[in-house]
**Q** 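There's a structure below that I have some questions on.
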Amino acid sequence: MVTVADRPRLDTPPPGRKARVLLFLYRHRVFAAVLAAAFLLRMVAMLGYGPALWFNDSYEYVSGAVYPDRPSALRPNGYSFWLLLLRPFHSFALVAFTQHLMGLTVGGLVYALLRARFGLPGWAATLAAVPVLFDAYQIQLEHMIMSDTMFTLLVVGVVTLVLWHRTVSWKLGALIGLLLALTALTRSIGLPILALVVVYLMVKRAGWKPIIAMVTACALPVAGYMAWFASAHGPFAMTSSDGAILYMRTSLFADCNKMEVDKREELELALLCISDPPEKRHFSGQKYLWWAENGQRFHAFGTGRTFTPAMNRTAGDFAKRAILSQPGDYLALVAGDFFRTFHWGRPRFPDAATYLQYEFRPTDKVLPSWPSPKGSTTDRDALTYDPSLPTVLIDERPRVVGTDVHDPWAGFMQGYQQIIRLPGIVLGVLLLIGLAGVAARWRKLGGPVLLPWLAAFGLLLAPAATAEFDYRYVLPAIPLACLAAAVSLRHGVTLPGRISLPRRASRVRPTPAATSGATTPGKG
């Protein structure tokens, strides 16, 4: 008996848009459900903490958007440009909402890359995106007027573009370079990621055209920004704070006797010497940069000259002298801060006031009246940006409320934060899995695992080496560490207990006989 397959009907209309969307959601139903839950969590945060949360750095970003004619001496203005773009809406709630969308997009990029490029099962790709989607501190940081969420999206976007394409054209290289420029202008620590991508493309033998296009596309916007900075502050640079920040890094161990500072010949360096012996100094270098207290030498010339080019140069020379004179002390301090990342808990560091700014608090946030450009104050700048901010009378003075707490939504987020977070030790395990993946592919110099692993490792090491540990510096490394670990497991890295992700079955091309629509005669 011979059966012939029915011919396809040519008059059958293609599925409509609604049907295609439903089919797409069904194929990715696990991730879609997880993403919807993550979105609802962020809406709860917005209902509980309106319009946004604030950190000490937030006010300068806002001032940069209110007065966009002059670059900041302390940090690049990339995030202020984003605030400036949204300024016509006069809404910090909109800023927070866009940042929540950025956080969800990071999770989506992790899932899409692992699913489409590396063939992970849906549940495994979803699991890799869970930390960035559900970590309470990630949600809290997204709700804050800070650059970190935007920076994370840009870094993950760059890594996704590089890993998604097996070959990189010069046009794609230029696009990656532009994203790297935005990354560097958002946080200056993003510029070294360009070197990582260049090294990866060289290992991948992508050719010189895409590399040159990428470096050029990155260099032009960064050079333009540096020229703008030079017109305002003097040096051809992105900031005039790198030396001061490095001084903060060395302030805990720098000993002017060991550095052999001549107090007569090197008066400028001598003025930065800290009189307290290292064993009696504060456990955080923040004290010796930001806190203008009695005996704090960095402010010997006055708090208004903290980040001038001359002071930055002197502080940088002091810090380099300290590192070269006391390399062992420096490396020990860097190692201590690096491994601080991998605690199970969250010890209070660098001080209680800073630590609590990363928590969903039960009280409203009254904005400080610190000096800002052009004779204004930080609270007035915030009110200029968003006139809907409420004001209250405190000590018979009107004060601006930047965060208005509403229960029960706020109470829910406070309880959620006590339970749902990624412990540092788990991040350490993810990095070890990624490192095992790099080692397993040593013949290919780490293969596709190398870039996300190096980026995650570098984002954790750089603050420890140049500034100081801070909990918000950890979060951008998490999606990259998850990517590296997931790709490592996908490529057969076996952990103790033989834990590894199943490989997708190879596709078999059907033979002509199988597609002819005929079957052989049966018996009986």
Side-chain angles (χ1 to χ4, degrees), residues 35 38-69 72 75-106 108 136-154 182 185-187 357-370 372-374 376-392 398-410 412-413 472:
L35 190 67
F39 177 80
L40 290 177
L41 270 175
R42 284 155 173 81
M43 294 305 98
V44 171
M46 293 196 68
L47 290 171
Y49 292 89
L53 297 172
W54 298 78
F55 191 74
N56 288 344
D57 297 350
S58 304
Y59 314 111
E60 186 168 356
Y61 287 124
V62 173
S63 297
V66 174
Y67 307 107
D69 58 325
S72 168
R75 53 182 61 88
N77 279 49
Y79 181 64
S80 291
F81 294 156
W82 175 249
L83 295 181
L84 180 63
L85 185 65
L86 298 179
R87 185 181 172 184
F89 298 97
H90 296 291
S91 173
F92 284 119
L94 176 63
V95 175
F97 180 72
T98 61
Q99 291 177 179
H100 286 309
L101 293 182
M102 290 178 189
L104 294 173
T105 302
V106 171
Y137 290 94
Q138 174 68 39
I139 298 173
Q140 198 268 355
L141 192 60
E142 291 171 14
H143 203 55
M144 194 177 286
I145 306 300
M146 290 290 286
S147 64
D148 299 79
T149 301
M150 181 175 169
F151 174 78
T152 303
L153 174 61
L154 289 168
L182 292 175
L185 295 177
T186 303
R187 277 181 57 189
Q357 291 185 83
Y358 298 129
E359 300 286 326
F360 284 111
R361 304 297 307 285
T363 56
D364 295 347
K365 172 69 175 180
V366 177
L367 301 185
S369 300
W370 297 339
S372 78
K374 300 188 178 180
S376 184
T377 57
T378 51
D379 56 346
R380 278 189 285 170
D381 289 347
L383 196 60
T384 300
Y385 189 94
D386 186 351
S388 68
L389 293 178
T391 58
V392 296
R399 302 293 299 275
V400 179
V401 177
T403 305
D404 197 5
V405 177
H406 300 279
D407 282 321
W409 317 105
F412 175 84
M413 293 308 299
R472 69 186 174 93

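We use all heavy atoms of the structure for the numbers below, so side chains are in, but hydrogens, waters and symmetry mates are not.
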**Q** Decide if the gap between the ring center of Tyr49 and the ring center of Phe360 is smaller than 6.0 angstrom.
**A** yes
**Q** Do you know the tightest heavy-atom contact between Ala410 and Val405?
**A** CB-CG1, 3.4 Å
**Q** Would you give the length of the straight line joining atom CD of Glu142 to atom CG of Asp148, rounded to the nearest 0.5 angstrom?
**A** 11.0 Å
**Q** Restricting to side chain to side chain contact (heavy atoms under 4.5 Å, CB included), what partner residues turn up for Thr186, sequence neighbours left out?
**A** Ser147, Met150, Phe151, Leu154
**Q** Search all heavy atoms of Thr384 against all heavy atoms of His90 and return the closest pair with its distance.
**A** O-ND1, 3.9 Å
**Q** Tell me, do Tyr79 and Val95 make a side-chain contact under 4.5 Å, heavy atoms counted?
**A** yes
**Q** When you compare the side chain of Asn56 with that of Trp370, does any pair of heavy atoms fall below 4.5 Å?
**A** yes
**Q** To the nearest 0.5 Å, how far apart are OG in Ser80 and CG in Leu185?
**A** 11.5 Å
**Q** Do Arg399 and Ser369 have side-chain heavy atoms sitting under 4.5 Å apart?
**A** yes
**Q** Check for a donor-acceptor pair, side chain of Ser376 on one end and backbone N or O of Pro373 on the other, with a separation under 3.5 Å.
**A** no
**Q** Are any non-hydrogen side-chain atoms of Tyr61 and Asp381 less than 4.5 angstrom apart?
**A** no
**Q** Within the structure provided, determine whether Met146 and Asp57 are in side-chain contact (heavy-atom separation under 4.5 Å).
**A** yes
**Q** Should Thr378 and Leu367 count as side-chain neighbours, where that means a heavy-atom distance under 4.5 Å?
**A** no
**Q** So how far is it from Leu141 CG to His100 NE2, rounded to the nearest 0.5 Å?
**A** 10.0 Å
**Q** Taking all non-hydrogen atoms of both residues into account, name the closest pair between Leu84 and Ala65 and its distance.
**A** CD1-O, 3.4 Å
**Q** Over all heavy atoms of both residues, which pair between Pro51 and Ala96 is shortest? Give the atoms and the distance, please.
**A** O-CB, 3.8 Å
**Q** Apply side-chain contact (heavy atoms from CB on, under 4.5 Å) to residues Leu53 and Tyr358 and explain how you reach the verdict.
**A** CA-CA 9 Å; Leu53 297 172; Tyr358 298 129; over 6 Å; no
**Q** Kindly write out the residues that satisfy ring-ring contact (aromatic ring centres under 6.0 Å, His included) with Phe39, not counting sequence neighbours, or none if the list is empty.
**A** none
**Q** So how far is it from Met46 CE to Trp409 CH2, rounded to the nearest 0.5 Å?
**A** 13.5 Å
**Q** Among Val66, Leu389, Thr377, which residue satisfies the side chain to side chain contact (heavy atoms under 4.5 Å, CB included) criterion with Leu383?
**A** Leu389
**Q** Please identify each residue that fulfils ring-ring contact (aromatic ring centres under 6.0 Å, His included) with Phe92, with sequence neighbours left out.
**A** Trp54, Tyr385
**Q** In Å and rounded to the nearest 0.5 Å, what is the CE to OH distance from Met144 to Tyr137?
**A** 11.0 Å
**Q** Could you state the interatomic distance from CG (Leu83) to CG (Asp386), rounded to the nearest 0.5 Å?
**A** 11.5 Å
**Q** Could you walk me through whether Asp364 and Thr403 pass the side-chain contact (heavy atoms from CB on, under 4.5 Å) check?
**A** CA-CA 5 Å; Asp364 295 347; Thr403 305; 5.9 Å; no
**Q** Between Asp69 and Lys374, does any side-chain N to carboxylate O distance fall below 4.0 Å?
**A** yes
**Q** Could you walk me through whether Ile139 and Met413 pass side-chain contact (heavy atoms from CB on, under 4.5 Å), step by step?
**A** CA-CA 10 Å; Ile139 298 173; Met413 293 308 299; 4.2 Å; yes
**Q** Less than 4.5 Å apart, side chain to side chain, heavy atoms only: is that true for Pro76 and Arg187?
**A** no
**Q** Is the backbone N or O of Gln357 less than 3.5 Å from a side-chain atom of Arg361, with the two atoms forming a donor-acceptor pair by type?
**A** no
